[in-house]
Amino acid sequence: ENDSLPRYSATLKAAKIDLSKITGKPTLKSRINLTGKLAGKGFSFDKMQSRFEGRIDTTMVAGRHIRSLALDVAVKKKRVMGNLQINSGQQQITLDGEADFSIAVPNYRAEGAIRSLDLSKILLDTSLSSDLNLAYEFNGNGLSLKNFGAHFIVTFDSSRVRNLRIPPG
């Protein structure tokens with residue numbers, strides 16, 4: 001292991017950020033509270049060993065409420081691993097993923113779940129009331145159309161979009 005790599009560490013904390021004041025767009029009225037930590041060594045992707053942890057809590061962006069958001073990303077020896085969790089009321093989205101760029105044809109993998117997702121709260125359209133519950137998996141490889149391949153699988157649990165019921169399976 002090369003200890004001569006440059007080391008870095010940073011933290012960020014911000015409260016009550018209003019994107020409408022930054023952008024001049026009233027539709028982006030916000031109240032964002034966030035924290036972040038970055039630590040690692042090396043700046044070249046070949047040698048980088050780095051970790052980022054970001055948290056958002058009790059936030060509102062353009063009429064959408066987020067109770068919590070957690071993002072963790074690690075980079076080590078051309079491999080990227082990450083985890084994302086978003087909660088808003090009963091709604092929850094999770095994602096765990098990994099990409100391995102240390103081999104000639106990179107591999108990607110991700111899996112996660114969506115629980116109690118109400119599209120009307122995301123799209124701000126009450127006609128799209130829903131209760132989506134599903135698990136998903138993604139596996140792929142390659143960086144160009146010549147060598148890219150992917151599989152995406154979605155498995156629904158009992159769900160609903162408007163009056164349409166979606167059975168498990």
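All heavy atoms count here, side chains included; hydrogens, waters and symmetry mates do not. Start at 1 with the first residue, then count along the sequence.
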Given 3.5 Å as the limit, does a donor-acceptor pair link the side chain of Asp125 with the main chain of Ser120, or not? no
Could you state the interatomic distance from OG (Ser88) to CD1 (Ile66), rounded to the nearest 0.5 Å? 7.0 Å
Does Ile22 have any side-chain contact (heavy atoms from CB on, under 4.5 Å) partners at least two apart in sequence or in another chain, and if so, which? Ile17, Leu19
Distance, nearest 0.5 Å, that separates CG of Leu95 from CG of Asn83: 7.5 Å
Looking at residues at least two apart in the chain, or sitting in another chain, which of them share a salt bridge (charged side-chain N to carboxylate O under 4.0 Å, His left out) with Arg115? none
Arg162 atom CZ, over 12 foreign heavy atoms within 6.0 Å: no
Not counting sequence neighbours, which residues clear ring-ring contact (aromatic ring centres under 6.0 Å, His included) with Phe45? List them please. Phe101
Side-chain heavy atoms nearer than 4.5 Å, only ILVMFWY residues, links allowed to pass through others: does that put Ile56 and Ile122 together? yes
Side-chain heavy atoms nearer than 4.5 Å, only ILVMFWY residues, links allowed to pass through others: does that put Phe52 and Leu5 together? no
With side-chain hydrogen bond (donor to acceptor under 3.5 Å, both in side chains) as the rule and sequence neighbours excluded, what pairs involving residues 8-19 come up? Tyr8-Ser50, Asp18-Ser20, Asp18-Lys29
Exercise: identify the closest heavy-atom pair between Ser116 and Gln90: CB-O, 3.5 Å
Candidates Leu69, Leu84, Ile114 - the one meeting side chain to side chain contact (heavy atoms under 4.5 Å, CB included) with Ile93: Ile114
Determine which pairs satisfy side-chain hydrogen bond (donor to acceptor under 3.5 Å, both in side chains) with at least one residue from residues 54-68, sequence neighbours left out, and list them in order. Arg55-Asp72, Ser68-Asn87
Residues Ser30 and Ala62: closest non-hydrogen pair is OG-N, 4.3 Å
Backbone of Leu119 reached by a side-chain donor or acceptor of Ser130 within 3.5 Å: yes
Indicate, with yes or no, if Met81 and Tyr108 share a hydrophobic cluster defined by side-chain heavy-atom contacts under 4.5 Å among Ile, Leu, Val, Met, Phe, Trp and Tyr. no
With a 4.5 Å cut-off on side-chain heavy-atom distances among I, L, V, M, F, W and Y, is there a chain of contacts connecting Ile166 to Leu123? yes
Where at least one partner belongs to residues 115-150, residue pairs that pass ring-ring contact (aromatic ring centres under 6.0 Å, His included), sequence neighbours excluded: none
Holding to side-chain contact (heavy atoms from CB on, under 4.5 Å), I want the full list of residues that pass it with Pro168, two or more places apart in sequence or in another chain. Asp157, Ser158
So which atom in Leu124 and which in Gly63 form the shortest heavy-atom distance, rounded to 0.1 Å? CD2-O, 3.8 Å
Are Val80 and Val73 close enough, and set up right, to give a side chain to side chain contact (heavy atoms under 4.5 Å, CB included), and what steps lead you there? CA-CA 7 Å; Val80 180; Val73 178; 4.0 Å; yes
Considering residues at least two apart in sequence or located in another chain, which fulfil the side-chain contact (heavy atoms from CB on, under 4.5 Å) criterion with Asp46? Ser44, Lys78
Under the side chain to side chain contact (heavy atoms under 4.5 Å, CB included) test against Pro106, which residue among Leu143, Asn141, Asp100 passes? Leu143
Mind running side chain to side chain contact (heavy atoms under 4.5 Å, CB included) on Leu12 and Leu34 for me, showing each step along the way? CA-CA 8 Å; Leu12 168 70; Leu34 61 90; 3.5 Å; yes
Partner set under ring-ring contact (aromatic ring centres under 6.0 Å, His included) for Phe156, not counting sequence neighbours: none
Once you round to the nearest 0.5 Å, how far does NZ of Lys41 lie from CD of Gln49? 4.5 Å
Just jot down the salt bridge (charged side-chain N to carboxylate O under 4.0 Å, His left out) partners of Asp96, sequence neighbours excluded, or say none. none
Sequence neighbours left out, what passes salt bridge (charged side-chain N to carboxylate O under 4.0 Å, His left out) with Glu137? Give chain and number order. none
With hydrophobic residues grouped by side-chain heavy-atom distances under 4.5 Å, do Leu132 and Phe152 end up in a single group? yes
Side chain of Thr23, backbone of Lys25: donor and acceptor closer than 3.5 Å? yes
Distance col, row Ser4:OG vs Lys47:NZ, nearest 0.5 angstrom, shows 7.0 Å
Checking Ala135 now: which residues fulfil side-chain contact (heavy atoms from CB on, under 4.5 Å) with it, not counting sequence neighbours? none
